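All figures in this text were calculated on a predicted structure; none of them were measured in a lab. Just so you know, these numbers use all the heavy atoms, side chains as well, and skip hydrogens, waters and symmetry mates.
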Protein chains: 2
Amino acid sequence: MDTTQRTDQQRSADRRRRELLEAADRVVLRDGPQASMNAIAAEAGITKPILYRHFGDKGGLYAALAKRHTDALLASLRAALDAPAERRERVESTLDTYLAAIEARPQVYRFLMHPAEGGQGGDQGFDVGKHSAPLLRRMGEELAQVIEERVDLGPGSQQLARVWGHGIVGMMHAAGDWWLGERPCSRAELVRSLADLLWGRLAAAGDRMGGPGF
Amino acid sequence: MDTTQRTDQQRSADRRRRELLEAADRVVLRDGPQASMNAIAAEAGITKPILYRHFGDKGGLYAALAKRHTDALLASLRAALDAPAERRERVESTLDTYLAAIEARPQVYRFLMHPAEGGQGGDQGFDVGKHSAPLLRRMGEELAQVIEERVDLGPGSQQLARVWGHGIVGMMHAAGDWWLGERPCSRAELVRSLADLLWGRLAAAGDRMGGPGF
DNA sequence: GTACGGTGTTACTAGCGGTAACAAGAGTCT
DNA sequence: AGACTCTTGTTACCGCTAGTAACACCGTAC
């Protein structure tokens, strides 16, 4: 009686929540990250207070929205990361997966990473500053875990793996961001270049002028 | 007559501008990145429209503010980057310079990188999203130029250098951000770990379980 | 019937970025 | 002297935002 009622209501609420998130998604993808709560509510065919009842505040809505995309992206990355292949191949495949994702849906990516970039109007966009870090952090921790599991780094391996995880994710992120804006080369070339960097080609290359003393 | 007059006025305007920027700096460092134009104007002892006459809009003020810090940081980095030392030493020194800077003035750093992170109030903070990229971009391009000048990368070196420049800067940034938040190790250890990563230790390390086939 | 929990609305607050309109001082030209 | 202009400063406003309070409706349980 009470239980079935409750579950029914809960289900209904969950479905509604999903609908609202999808509406928010549409608006954000259309209007850019500075989409207002009013606009999202209108797109969902309702008014603001309902949105606030479901998500608390704008940050809550954003967090829910970001979690969806982040989870999806992380799942893809995990697949590439855990593939039964050689390390170099796995690294390249992971890089490529990430870059393909941001290439395929740049607006989603920009929304997750850069709060209010597009649009000429006011700048009260989503306060993604508080949340973009968590995305990068999650990716960094995930990668760190995989590194620690699969690579033999000797003593201090856990700490080293975490540094590397966050570092590599940052490299991927920044390079991808720059590449997405300028498109100076193909995705494959970018992947190769980054993998080369991780493979120590910087250390292996010779100096261009004079000796190391100058 | 006209010229001296003009230069006088220009000088006065420049001085005023600098005063305003210093006031803005104080407010941003005190109130966090969500400092309002009103608050900055009040700190400077004036009212909003003057601020707008000097900087156009909030983005302009932020850009001016960011340029000061960015220029200072870039100058330090250039010094470390151009030092007459071996490559590994130069890399470590540059990493350390950057990390020391963000360690010494985390509030400035957070302001430059993360728009509205602190504070519990409204989220109409500085719209740094539009401008944090430029900082990373500038660092990336700078590093790319140094790499291209000093490292012999064979054909396609320019493009490779740019990819690496942005990638390394991103690595430094993300790792530094994470490190600043968690402080899991000393600065020196972090520097060493990152340099090791760039030196190909990831590629050189052995697998932990099974062969590369699993 | 009536009380109730959920869904929805309208109407509002407080604060933001940004601007128009106006006032006052200082130097300049006639 | 008086009018003209330029800079510096103000007050008062606009339109927008996030977020909230208060009220209305509707199906169900007793």
A.B. asks: Please pick, from D:dG9, D:dG19, C:dG17, the nucleotide with the shortest atom-to-atom distance to any side-chain atom of B:K48.
C.D. replies: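 The nucleotide sitting nearest to the side chain is C:dG17.
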
A.B. asks: Identify which nucleotide among D:dG9, C:dG8, C:dG18 has an atom closest to any side-chain atom of A:I50, counting heavy atoms from C-beta outward.
C.D. replies: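 Comparing D:dG9, C:dG8, C:dG18 against the side chain of A:I50, the answer is C:dG8.
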
A.B. asks: Between B:E19 (CD) and D:dG9 (C1'), how many Å, whole number?
C.D. replies: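 In whole Å, D:dG9 C1' lies 15 Å from B:E19 CD.
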
A.B. asks: Does the pair B:D177/A:R137 count as a salt bridge with the N-to-O cut at 4.0 Å?
C.D. replies: yes

A.B. asks: Does the side chain to side chain contact (heavy atoms under 4.5 Å, CB included) test come out yes or no for A:R150 and A:R87, once each step is laid out?
C.D. replies: CA-CA 9 Å; A:R150 307 198 46 157; A:R87 195 180 300 157; over 6 Å; no

A.B. asks: Of the nucleotides C:dT9, C:dT19, D:dA18, which has the atom closest to the B:P49 side chain?
C.D. replies: C:dT19

A.B. asks: Any salt bridge between B:E92 and B:R192, counting N to O under 4.0 Å?
C.D. replies: no

A.B. asks: How many whole angstroms separate atom OH of B:Y52 from atom P of D:dT8?
C.D. replies: 18 Å

A.B. asks: Give the rounded distance in Å between these two atoms: CG of A:L20 and C1' of C:dG8.
C.D. replies: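 Taking atom C1' of C:dG8 as the reference, CG of A:L20 is at 12 Å.
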
A.B. asks: Give me the ring orientation class for B:W178 and A:H166: parallel if the planes are under 30° apart, tilted from 30 to 60°, perpendicular past 60°.
C.D. replies: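 Ring orientation, 0 to 90° scale: parallel.
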
A.B. asks: For a quick test of reading the model: is some side-chain N or O of B:T47 closer than 4.0 Å to OP1 or OP2 of D:dG9?
C.D. replies: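 No.
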
A.B. asks: Tell me the interatomic distance from B:L61, atom CG, to C:dG18, atom C1', rounded to whole angstroms.
C.D. replies: 13 Å

A.B. asks: Mark yes or no for a side-chain to base donor-acceptor pair under 3.5 Å between A:K58 and D:dG19, with no hydrogen or angle criteria applied.
C.D. replies: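 Donor-acceptor pair under 3.5 Å: no.
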
A.B. asks: Rounded to whole angstrom units, what separation is found between the CG atom of B:N38 and the P atom of D:dT17?
C.D. replies: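 These atoms are roughly 19 Å apart.
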
A.B. asks: Are A:F55 and A:Y62 close enough that their ring centres sit under 6.0 Å apart?
C.D. replies: no

A.B. asks: A:L51 has an atom CG; how far is it from atom P of C:dT9, in whole Å?
C.D. replies: 11 Å

A.B. asks: Considering just the side-chain nitrogens and oxygens of B:R16, establish if one lies under 4.0 Å of OP1 or OP2 belonging to D:dG9.
C.D. replies: yes

A.B. asks: Check this for me: does the side-chain of A:R53 come within 3.5 Å of the base of C:dG6 through a donor and an acceptor?
C.D. replies: no

A.B. asks: Please state how far atom NE2 in A:H54 lies from atom P in C:dG6, giving the value in whole angstrom units.
C.D. replies: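 These atoms are roughly 11 Å apart.
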
A.B. asks: Rounded to the Å, how far apart are B:F55 CZ and D:dT8 P?
C.D. replies: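 Roughly 12 Å, once rounded to whole Å.
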
